[in-house]
Undergrad: 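Before I ask anything, let me first share the structure, which is written out below as structure tokens.
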Amino acid sequence: MSEGLVIHQLSVGPLQVNCFLVACQKTREAMVVDPGEDADRILSLAGIEGLTINVVVNTHGHFDHIGANQQVVTATGATLMLHASDLSLLQNARHHAQVYGLTVTQSPDPDRLIDQGDTFMVGEHEFKVLHVPGHSPGSICLLSDGHLFVGDVLFAGSIGRTDLPGGNFDLLVSGVRKRLFCLPDDTIVHPGHGPDTTIGQERRHNPFVGDGVNR
Ligand SMILES: [Zn+2]
Ligand SMILES: [Zn+2]
């Protein structure tokens with residue numbers, strides 16, 4: 001099912017964000033999902049693998065997911081994509097990082113704003129954008145070939161926190177159920193923190209949003 005799509009995972013930055021380098025095996029074109037930090041590691045891995053990064057996507061605008069945007073985009077000329085509803089988070093990321101005593105490099109503004117139902121190509125692979133707000137207003141998930149990149153929307157056995165500015169618990173739960181739990185059970189979920197899981201596992205067993213929870 002995932003033939004031809006190569007996924008490398010790197011844990012980056014002090015908050016251990018999962019950054020994904022996702023490549024079309026055939027054309028060697030690649031996307032970086034959430035370059036939170038450690039641009040040098042991301043770029044050198046792409047170099048070792050012989051990949052051309054032409055897309056950078058932030059699943060949302062929280063500072064821990066965007067810190068290497070500037071370096072990666074400058075080095076590669078990649079198209080930077082984000083949902084419009086997280087633009088102010090992206091633009092104010094340095095301020096948000098300071099609250100945690102951390103610093104991040106200011107990101108450039110996105111080249112393309114993406115929303116529910118939009119698609120884009122990474123080599124020969126089409127990615128579809130799913131808008132699932134609630135962790136942040138502009139949180140998006142990316143779906144291709146049975147792989148789903150979810151940022152901080154959904155984790156193995158948990159969901160994203162909703163107590164940050166713009167968070168909304170009810171929106172997050174309804175969005176996960178409406179837009180993600182309709183996907184096939186064997187869809188592989190790649191969260192922004194922690195281990196991979198599957199849609200079937202979370203639909204059945206997730207204690208916040210799974211079938212057993214009445215909300
Ligand atoms: Zn977040
Ligand atoms: Zn995060």
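FYI, the numbering just counts along the sequence from 1. What you see is a predicted model, and the numbers here were worked out from it, not measured in a lab. Remember, it's 1-based here, ligands and their atoms both numbered in the order they're listed.
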Undergrad: If you take all heavy atoms of Val176 and Val132, which pair is closest and at what distance?
TA: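 Heavy atoms of Val176 and Val132 come nearest at N-CG1, 3.7 Å.
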Undergrad: By ring pair (Phe, Tyr, Trp, His ring centres under 6.0 Å), which residues pair with Phe127, not counting sequence neighbours?
TA: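 For Phe127 the ring pair (Phe, Tyr, Trp, His ring centres under 6.0 Å) partners, ignoring immediate neighbours, are Phe120.
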Undergrad: Are the side chains of Thr198 and Asp185 in contact, using a 4.5 Å heavy-atom criterion?
TA: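 Side chain of Asp185 against side chain of Thr198, heavy atoms only: no contact under 4.5 Å found.
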Undergrad: With 2.8 Å as the threshold, which protein atoms of type N, O or S lie near the Zn ion (ligand 1)? Leave waters out.
TA: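 Atoms qualifying: His60 NE2, His62 ND1, His135 NE2, Asp152 OD2.
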Undergrad: Between Tyr100 and Phe63, is the gap from one ring center to the other below 6.0 Å?
TA: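 Between Tyr100 and Phe63, the centre distance is under 6.0 Å.
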Undergrad: Can you find a pair of side-chain heavy atoms, one from Gln116 and one from Asp118, that are under 4.5 Å apart?
TA: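 Result no, sub-4.5 Å side-chain heavy-atom pair not found.
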Undergrad: Answer with yes or no whether the side chains of His147 and His190 bring together a donor and an acceptor at under 3.5 Å.
TA: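 Their side chains do contain a donor-acceptor pair, which is all the 3.5 Å distance test asks for.
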